[in-house]
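Report on one structure; see the data block that follows.
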Amino acid sequence: MRKGGISMQIFKEQIACSLAPLIDWEPERVVAALELPPDAKLGDLAFPCFQLAPKLRKAPPVIAADLAERWEKPAVVDQVQVVGGYLNFFLNPAVLAQQVLEAVQRAGDTYGNSQQGAGKTIVVDFSSPNIAKPFGVGHMPTTVLGNAISHLYQALGYEVVRINHLGDWGTQFGAMMVAYLKWGENDPLTEDPIGKLYRLYVKFHREEEATPALRDEARAWFNRLESGDEEATRLWRLFYDVSLKNFKRTYRRLGIEFDHYTGESFYIDKIDEAIGRIKAAGVTEVSDGALVVPLGDDLPPCLLQKSDGATLYATRDLAALFYREQTFRPERIIYVVAMDQALHFQQLKLVLKKMGLPLADALEHVAFGLVKLPEGKMSTRRGQMVLLDDVLQEATSRVQEIIAEKNPALPNKEQVAEQVGVGAVIFHNLKNSRMRDIIFDWNEVLNFEGETGPYLQYTHARCVSVLHKSGKQEFDLPQDLAGLSAEAAQQVLKRLSQFPETIDKAAQAYEPSTMSRYLLDLAQDFNRFYNTCRIIGEAASVEASRLALVNAVAVVLRRGLYLLGLTAPEQM
RNA sequence: GCGCCUGUAGCUCAGUUGGAUAGAGCAACGGACUUCUAAUCCGUAGGUCAGGGGUUCGAAUCCCUUCAGGCGCGCCA
């Protein structure tokens with residue numbers, strides 16, 4: 001109920017409570033109606049009077065004027081102005097500054113957190129790359145979205161279970177085995193295992209076109225694997241181990257951790273029970289020798305078992321759902337998976353619904369657009385893809401060049417280059433709303449100016465630098481807050497006050513880009529302030545109040561970057 | 001054919017659950033570093049919010065429709 005920090009919200013409430021009786025509305029309704037004016041010159045908050053016009057049978061500007069006259073303003077409000085049909089409120093600059101900065105100061109890194117998720121668990125299934133395939137830039141959206149969403153829900157007080165549902169089962173392993181046995185020369189895969197497996201995989205699909213019999217061989221090998229064949233299991237284990245080792249190195253670079261690496265194979269011994277449960281619910285039928293759940297005329301049926309008895313992707317996902325429900329008792333299970341699988345999740349949901357399970361409502365597919373190349377869709381099979389390692393490599397070395405040019409005296413150059421380069425790549429994937437397709441473009445990924453991760457990190461480092469140069473350790477508020485009355489400072493304060501509601505909004509919509517945009521706005525507001533207001537060397541109270549503001553910006557930027565999965569170097 | 005998603009400045013995108021003159025970044029041009037990090041900031045220019053209807057005091061936002069693009073549609077994952 002109560003918010004973790006102060007926000008624009010509490011100013012709205014103070015205004016709403018005093019305004020509500022005059023117009024015979026619930027205060028909540030007034031809060032909802034209050035909006036931010038398009039221009040700071042028009043005030044800090046505004047109440048549009050148009051909705052009152054029919055009932056009062058007066059023109060909106062007349063109503064506004066009348067309200068302004070009769071209204072008793074609370075202490076936070078400095079003055080009221082009537083413009084057109086709007087009632088515009090100007091907050092008291094000192095009160096605004098004091099309330100916002102004290103809230104940030106008091107909460108520190110917990111500023112913006114809340115307890116609304118206390119006692120509730122949420123499972124986030126994300127990243128989930130395929131074993132024996134390289135980690136391409138196409139895997140970035142699910143990986144960084146899932147990580148950011150996990151962080152956001154943790155900030156709301158939820159217990160978050162992060163699961164990497166590895167693609168470690170399925171017919172493609174048959175293909176991998178055939179390719180490895182035929183052309184792999186029994187390589188122990190100690191060196192560049194992923195590169196080797198990748199080339200074998202591409203070769204398999206090239207050869208397959210000329211020799212369709214390969215497909216049958218692959219299918220046979222997968223069947224051997226499913227029935228526990230020793231040789232098949234040995235090969236699978238080999239592919240699995242080298243791949244996971246490689247993935248974990250990538251995750252470490254990205255600063256991402258998982259609670260469970262339970263891939264599809266984890267559920268194979270739970271499938272019989274799952275199928276039994278679905279059968280017992282009476283929703284299955286046999287069609288063309290396969291076991292399916294018919295889903296009506298609107299959706300194709302959900303296939304549980306092929307006519308040869310082999311399990312399918314959906315079967316394993318259902319088994320996973322049952323397992324997760326029983327193991328974690330989550331309020332929600334979120335799947336951060338590209339939108340080309342929308343139908344699959346729609347089917348799962350409907351199967352659960354037909355079974356009469358509440359689990360159906362817990363399942364949430366958080367979809368996102370595809371990463372594509374200028375030439376079109378990426379394809380692992382055809383070898384058309386961009387490796388994440390190459391992108392990170394290119395980004396960090398580009399950052400190193402910039403450091404050599406701009407800040408050669410910087411300590412820990414390599415570490416900072418890594419933080420900034422990786423940050424640029426992560427942020428690039430979180431900047432825009434997730435449903436958009438992304439055309440991979442080197443120039444955009446390697447741009448570090450403007451709306452980028454490095455811009456945010458730079459702004460943070462700039463704050464830290466000022467704080468450091470001030471020679472102070474504590475940044476308490478002085479009595480006199482006149483140093484923050486400038487327009488630019490007020491804008492930063494208002495922005496800081498919106499951080500808690502931004503966390504909330506980004507989490508509810510599973511949309512980290514909301515946070516990205518907020519941080520860009522905050523950084524820009526701050527840089528404007530920085531360029532117009534001197535901080536160090538001003539009169540004592542002015543300096544102190546401005547340092548408190550800088551400190552608050554640093555706290556929120558660091559915290560916001562963390563939520564998105566970026567680090568915030570102190571210098572760069 | 002059916003279903004889901006997208007369409008806003010030359011390019012990449014925001015747009016607060018229906019509000020005031022539609023905003024950023026990149027690219028272009030012009031400015032600001034003997035002064036707290038110029039990976040910054042300021043200014044100029046750039047718009048039929050895909051098109052057409054409708055709902056109402058008011059629409060980029062809600063409804064209908066057309067067009068364009070992306071993705072998907074039973075034994076792949």
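Here is how names work: the chains are called A, B, and so on, in the same order as the sequence lines, proteins then strands, and each is numbered from 1.
The closest side-chain donor-acceptor pair between A:H460 and A:Q457, if any, does not fall under 3.5 angstrom. Side-chain atoms of A:N447 and A:H428 form no donor-acceptor pair, as typed in the model, at a separation below 3.5 Å.
B:G46 shows a glycosidic angle more than 90° from 0 and is accordingly assigned anti. By the rule that a glycosidic angle within 90° of 0 means syn, B:C11 does not qualify and counts as anti.
Side-chain atoms of A:Y530 lie closest to B:A38 of the nucleotides B:A38, B:A20, B:A77. Proximity note for A:R517 (side chain, C-beta onward) versus B:A39, B:A14, B:C41: the nearest is B:A14. Comparing B:C73, B:A77, B:G70 against the side chain of A:P300 picks out B:C73 as the nearest. Listed candidates were B:U35, B:A77, B:U37. Nearest to the side chain of A:S465 is B:U37. Here the nucleotide nearest the side chain of A:F50, chosen from B:C57, B:A39, B:C75, is B:C57. Distances from the side chain of A:S307 to the nucleotides B:C75, B:U40, B:A77 place B:C75 closest. Nearest nucleotide to the A:E449 side chain, out of B:U12, B:A14, B:A39: B:A39. The listed nucleotides are B:U37, B:C13, B:A39; the one nearest the side chain of A:S433 is B:C13. Of the candidates B:A39, B:G74, B:C71, the closest approach to any side-chain atom of A:P301 belongs to B:G74. Side-chain proximity of A:R462 to B:C75, B:U40, B:A39: nearest is B:U40.
Separation of atoms CG (A:L244) and CZ (A:F239) is listed at 15.0 Å; rounding is to 0.5 Å. Atom CZ of A:F440 is separated from atom CE of A:M385 by 11.0 Å, given to the nearest 0.5 angstrom. In this structure, CZ on A:F427 lies 8.0 Å from CD on A:E451, to the nearest 0.5 angstrom.
Here, B:G25 and B:G52 have their P atoms 30 Å apart, quoted to the whole Å. Using P as the reference atom, B:U48 and B:A9 are 8 Å apart when rounded to the nearest Å. Separating the C1' atom of B:C33 from that of B:U40 is a span of 10 Å, rounded to the nearest Å. To the nearest whole angstrom, the two P atoms, one in B:A27 and one in B:C11, are 16 Å apart. Across B:A14 and B:C26, the matching C1' atoms stand 14 Å from one another, rounded to whole Å. On the C1' atoms, B:G10 is 15 Å away from B:C29, given to the nearest whole Å. Comparing B:A22 with B:U37, their P atoms sit 39 Å apart, to the nearest whole Å. The gap from the C1' atom of B:C42 to that of B:G47 amounts to 23 Å, rounded to the nearest Å.
Among the protein residues, A:D288 comes within range of the nucleic acid bases, having at least one heavy atom under 4.0 Å from a base atom. A:L312 comes within 4.0 angstrom of sugar-phosphate atoms only, judged by non-hydrogen atoms across all strands, and of no base. Among the protein residues, A:N88 comes within range of the nucleic acid bases, having at least one heavy atom under 4.0 Å from a base atom. In this structure, A:P37 reaches the bases: a heavy-atom distance under 4.0 Å links it to at least one base atom across the strands shown. Within 4.0 Å (heavy atoms only), A:R534 reaches at least one base atom of the nucleic acid. Within the nucleic acid shown, A:A46 comes within 4.0 Å of at least one base atom, counting heavy atoms only. Looking at heavy-atom distances under 4.0 Å, A:V550 makes no contact with the nucleic acid at all. Residue contacts for A:A461: at a heavy-atom cut-off of 4.0 Å it reaches a base atom on one of the strands shown. Among the protein residues, A:C533 comes within range of the nucleic acid bases, having at least one heavy atom under 4.0 Å from a base atom.
When both distances must be under 3.5 Å, the Watson-Crick or G-U wobble mate of B:A59 does not exist. Base pairing of B:G47 is not made with any nucleotide, judged by Watson-Crick or G-U wobble geometry with both donor-acceptor distances under 3.5 Å. Nucleotide B:G7 is matched to B:C67 when pairs are restricted to Watson-Crick or G-U wobble geometry with both distances under 3.5 angstrom. Nucleotide B:C73 is matched to B:G1 when pairs are restricted to Watson-Crick or G-U wobble geometry with both distances under 3.5 angstrom. Both distances falling under 3.5 Å, in either a Watson-Crick or a G-U wobble arrangement, place B:C41 opposite B:G31. Using the Watson-Crick or G-U wobble rule with both distances under 3.5 Å, B:A14 pairs with nothing in any strand shown.
Of the candidates A:N130, A:I131, A:L225, A:L225 is the only one forming a side chain to side chain contact (heavy atoms under 4.5 Å, CB included) with A:W169.
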Kindly give the atom pairs (protein nitrogen or oxygen, nucleotide nitrogen or oxygen) under 3.5 Å for nucleotides 4-7 of chain B.
from	atom 1	to	atom 2	distance (Å)
B:G7	OP1	A:R436	NH2	3.2

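Counting to the nearest Å, the C1' atom of B:G3 and the CG atom of A:D340 are 15 Å from each other. Atom CD in A:Q51 sits roughly 11 Å away from atom P in B:C57 (whole-Å rounding). Atom P of nucleotide B:G74 and atom CG of A:L299 are separated by 12 Å, given to the nearest angstrom. Taking atom CG of A:L295 as the reference point, atom C1' of B:G3 lies 14 Å away to the nearest angstrom. The CG atom of A:L561 sits 18 Å away from the P atom of B:A39 (whole-angstrom rounding). In this structure, the CG atom of A:L343 is 13 Å from the P atom of B:G3, given to the nearest Å. For the pair A:E444 CD and B:C13 C1', the interatomic distance rounds to 9 Å; values are reported in whole Å. Summarising the geometry, the separation between CZ on A:F427 and C1' on B:A39 is reported as 14 Å, rounded to the nearest angstrom.
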Run the ring pair (Phe, Tyr, Trp, His ring centres under 6.0 Å) test on A:F448 and A:Y455 for me, step by step, so that the C-alpha distance in whole Å, both residues' side-chain angles and the decisive distance to 0.1 Å come before the verdict. CA-CA 7 Å; A:F448 306 139; A:Y455 169 64; over 10 Å; no

Go through A:H165 and A:Y267 one step at a time and tell me if the ring pair (Phe, Tyr, Trp, His ring centres under 6.0 Å) criterion holds. CA-CA 10 Å; A:H165 190 70; A:Y267 301 98; 5.7 Å; yes

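Salt-bridge formation is detected for the pair A:E543/A:K472: a Lys NZ or Arg NE/NH1/NH2 atom is positioned less than 4.0 Å from an Asp or Glu carboxylate oxygen.
Between A:D298 and A:K372, the residue anchored closer to the 5' end of RNA chain B is A:D298, taking for each the nucleotide with the nearest heavy atom. Of the two residues contacting RNA chain B, namely A:A310 and A:L410, the nearest-nucleotide position lying further toward the 5' end is that of A:L410.
Two residues are said to be in side-chain contact when any heavy atoms from C-beta on lie closer than 4.5 Å; A:L67 and A:I23 meet this criterion.
Remark: side-chain polar atoms of A:D437 are paired, donor with acceptor, to backbone N or O of A:L370 under 3.5 angstrom.
Side-chain N/O atoms of A:T171 and base N/O atoms of B:C76 include no donor-acceptor pair closer than 3.5 Å. A donor-acceptor contact under 3.5 Å is not formed by the side chain of A:N527 with the base of B:A38.
In this structure, A:W25 and A:F47 have perpendicular ring planes: the angle between them is above 60°, well past the 30° mark.
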